[in-house]
Amino acid sequence: MRVVVRLRSAAVVVSVLAAVVMAGCSQTEAGSASPGPDNSVSASSEPSGSAPAMPSGSNSETSGNGPVQPVNPCSLLTRDELSRFDDFGEPEESTQQGDPVCTWAVAKESATDVEAPIVNVVHWQNLGVADVVDLGGGIQPGRTDTTGREVARTTGINEVTETPICMIAMAIGDSSRLDVQVGRTAEPCDLADQLVEIIDPKLPWG
């Protein structure tokens with residue numbers, strides 16, 4: 001994806017929520033998350049992976065388009081597509097407050113490995129791009145080159161790995177979006193941009 005606004009924000013530390021654990025997800029490194037005032041990425045533990053940042057102020061009343069058909073995030077990236085970037089493992093499916101999540105992770109060589117990218121793709125069925133909450137580095141709006149889809153990017157710093165995190169939200173409808181979240185790598189927005197470019201033409205319109 002070539003987001004029209006392509007900014008590299010200064011690193012801003014994202015607050016840690018210590019008491020949030022996403023049930024049913026086996027990968028819980030630096031991102032077990034739940035609603036909070038700052039859309040924080042939790043970093044209370046660090047095994048193999050990372051769970052998605054949870055939008056603050058989740059509200060099913062925000063819908064303007066009626067019911068949204070769920071998108072299967074794991075169907076949006078193939079093994080061949082991901083192999084262009086690194087040796088990602090098999091996708092892991094989970095849910096966050098009933099919304100589908102898919103996680104791909106590169107195996108860590110050690111507990112301190114901070115160059116083993118992790119990708120979370122989340123379909124928020126009742127939240128639009130307008131509901132994106134700043135991870136700390138500001139929110140940069142833009143559109144994809146391929147379809148002109150509305151997007152919004154926000155960045156922050158993972159306190160456990162001390163590496164940047166990048167999230168790009170892609171509009172499906174006024175009140176539905178897909179988040180592409182990348183962490184555990186020095187240049188997460190570079191990877192997030194390219195994944196959004198792959199996903200963009202596969203997504204429905206609301």
Rounded to the nearest 0.5 Å, how far does CG of Asp174 lie from CD of Glu150?
-> 8.5 Å
Who are the side chain to side chain donor-acceptor pair (under 3.5 Å) partners of Ser110, not counting sequence neighbours?
-> Thr112
Have a look at Val180 and tell me which of Gln194, Met167, Arg153, Met170 forms a side chain to side chain contact (heavy atoms under 4.5 Å, CB included) with it.
-> Met170
Distance in Å, Leu127 CG paired with Ile172 CD1, rounded so as to fall on 0.5 Å steps | 11.5 Å
Just jot down the salt bridge (charged side-chain N to carboxylate O under 4.0 Å, His left out) partners of Glu81, sequence neighbours excluded, or say none.
-> Lys202
Closest non-hydrogen atom pair between Lys108 and Ala116, with its separation | CG-CB, 3.9 Å
Check whether the side chains of Ser175 and Asn126 place a donor and an acceptor atom closer than 3.5 Å, and report yes or no.
-> no
What closest approach, in Å, do Arg143 and Val151 show between heavy atoms, and which atom pair accounts for it?
-> N-CG2, 3.8 Å
For Val132 and Ile139, which heavy atoms make the closest approach, and how far apart are they?
-> O-CD1, 3.4 Å
Glu115 atom CD, over 12 foreign heavy atoms within 6.0 Å | yes
Return the set of residues passing side chain to side chain contact (heavy atoms under 4.5 Å, CB included) with Pro188 (not counting sequence neighbours), or none when no residue passes.
-> Pro164, Cys166, Val182, Thr185
In terms of heavy-atom contacts, Val101 and Thr103 come closest through CG1-OG1, 4.1 Å
Find the distance between CG (Leu77) and OG (Ser83) and round it off to the nearest 0.5 Å.
-> 11.5 Å
What about Val129 and Leu195, same hydrophobic cluster or not, with Ile/Leu/Val/Met/Phe/Trp/Tyr joined at side-chain heavy-atom distances under 4.5 Å?
-> no
Residues at least two apart in sequence or cross-chain that pass side chain to side chain donor-acceptor pair (under 3.5 Å) with Ser75, listed by chain then number, are none
Distance col, row Leu135:CG vs Asn158:CG, nearest 0.5 angstrom, shows 11.0 Å
Scan residues 114-144 for pairs that pass disulfide bond (SG atoms under 2.5 Å apart), counting only residues two or more places apart or in two chains.
-> none
Taking the side chain as every heavy atom from C-beta outward, state whether Pro117 and Phe88 have any atom pair closer than 4.5 Å.
-> yes
Do Ile165 and Gln181 have side-chain heavy atoms sitting under 4.5 Å apart?
-> no
Could you check if a side-chain atom of Glu93 sits within less than 4.5 angstrom of a side-chain atom of Pro100, using non-hydrogen atoms only?
-> no
Please examine the side chains of Val122 and Pro73, heavy atoms only from C-beta on, and report whether any two atoms are closer than 4.5 Å.
-> no
Rounded distance (nearest 0.5 Å) linking atom CD1 of Ile198 with atom CG of Leu82 = 7.0 Å
Check: Thr95 side chain, Asp99 main-chain N or O, donor-acceptor pair, under 3.5 Å | no
Ring-face cation contact, Trp205 with Arg149, 6.0 Å cut, 45° max = yes
Asp131 side chain to Gly128 main-chain N or O, any donor-acceptor pair under 3.5 Å?
-> yes
Of all pairs that satisfy disulfide bond (SG atoms under 2.5 Å apart), the ones with a partner from residues 72-104, not counting sequence neighbours | Cys74-Cys102
Separation of Asp200 CG from Thr146 OG1 (nearest 0.5 Å) = 5.0 Å
So, do Trp104 and Val121 sit near enough that their side-chain heavy atoms are less than 4.5 Å apart?
-> yes
Using distance alone, with no hydrogens and no angle criterion, decide if Asp134 and Thr154 have a side-chain donor and acceptor under 3.5 Å apart.
-> yes
Within-4.5 Å side-chain heavy-atom neighbours: Asn120 and Asp179 | no
